[in-house]
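Quick caveat, the model's predicted, so the values are computed rather than measured.
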Amino acid sequence: MVSEKLITYIKDGGLDPVLTRLYGSDAVAPQRERYISLVNDYRREFGDGDISLFSVPGRSEISGNHTDHQKGRVIAAAIDLDIIAAASPRTDGKVTVKSKGFDPDRTTCEKKLPAEGGFDKSVALVEGVCTALLNRGYATLGFDAVTTSN
């Protein structure tokens, strides 16, 4: 949805059912403001665009910390702390992720390993996902995103 229409949609309560499901009915008003602020951050960084919204919940490992990626077992639960993103697709393979309070990370979606000494950087995750998608035959066209977390 174009950013100005998305802001109006959020202000008018269009996102309220999703916000209620994610955060509970008592948190809808502050979450509306949080998402509107995110869309405005996107507009400042990238201009107006056809924006999609995303929420990635945090999790708490109840048992088996870190064994989930070591072929073991883990009991995890989603929590209501999350990272939210406003993003729009690109067609040139470029990726820019601007996390609130940090300089933008920029890369391209192509088969590559992170730069030497870059494995501990956020952009390495994007590069790894792009490489994995390309290795599996998926098209990766790039995107612009702004993120914030609570």
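With sequence neighbours left out, E4 forms a salt bridge (charged side-chain N to carboxylate O under 4.0 Å, His left out) with R43. Residues satisfying the side-chain contact (heavy atoms from CB on, under 4.5 Å) test with D50, not counting sequence neighbours, are none. Judged as a side-chain contact (heavy atoms from CB on, under 4.5 Å), and not counting sequence neighbours, the contacts of S99 are V97, F102, T147. Take T8 and apply the side-chain contact (heavy atoms from CB on, under 4.5 Å) test, not counting sequence neighbours, and it matches D12. For R21, there are no salt bridge (charged side-chain N to carboxylate O under 4.0 Å, His left out) partners at least two apart in sequence or on another chain. With sequence neighbours left out, the side-chain contact (heavy atoms from CB on, under 4.5 Å) criterion links K11 to I7, I36.
Taking OG1 of T91 as the reference point, atom CG of L141 lies at 7.0 Å (rounded to 0.5 Å). Taking CE of M1 as the start and OG of S88 as the end, the distance is 14.5 Å to the nearest 0.5 Å.
Of all non-hydrogen atoms in A86 and I51, the two that sit nearest each other are CB-CG2, 3.6 Å. When every heavy atom of D82 is checked against every heavy atom of P57, the shortest pair comes out as CB-CA, 3.8 Å. Counting all heavy atoms, side chain and backbone alike, R44 lies closest to S37 at NH2-O, 4.5 Å.
Both V28 and V18 belong to a single network of hydrophobic side chains, linked directly or stepwise wherever heavy atoms of I, L, V, M, F, W or Y lie under 4.5 Å apart. V146 and L6 end up in the same hydrophobic cluster when Ile, Leu, Val, Met, Phe, Trp and Tyr side chains are linked at under 4.5 Å.
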Steps toward side chain to side chain contact (heavy atoms under 4.5 Å, CB included) verdict (Q31, L22):
CA-CA 10 Å; Q31 290 300 331; L22 288 174; over 6 Å; no
Start with the C-alpha distance between D16 and L19, add both sets of side-chain angles, then the distance that settles side chain to side chain contact (heavy atoms under 4.5 Å, CB included), and finish with yes or no.
CA-CA 5 Å; D16 286 4; L19 297 177; 4.2 Å; yes
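The disulfide (SG to SG under 2.5 Å) pairs that include a residue from residues 91-150 are C109-C130, where partners are two or more places apart or lie in different chains. Sorted by first and then second residue, the disulfide (SG to SG under 2.5 Å) pairs involving residues 25-62 (not counting sequence neighbours) form an empty list. Within the structure, the salt bridge (charged side-chain N to carboxylate O under 4.0 Å, His left out) test picks out the following pairs touching residues 101-113 (sequence neighbours left out): K112-E127. Residue pairs meeting the ring-ring contact (aromatic ring centres under 6.0 Å, His included) criterion with at least one member in residues 17-52, sequence neighbours excluded: Y42-F46. Contacts classified as salt bridge (charged side-chain N to carboxylate O under 4.0 Å, His left out) and involving residues 91-102 (residues at least two apart or in different chains) are given here: D41-K100, R90-D92.
No more than 12 heavy-atom neighbours from other residues, nucleotides or ligands sit within 6.0 angstrom of CG on D26.
Under the 4.5 angstrom side-chain criterion for Ile, Leu, Val, Met, Phe, Trp and Tyr, V123 has no cluster partners at all.
Looking at L38 and L53, their side chains come closer than 4.5 Å, going by heavy atoms from C-beta outward.
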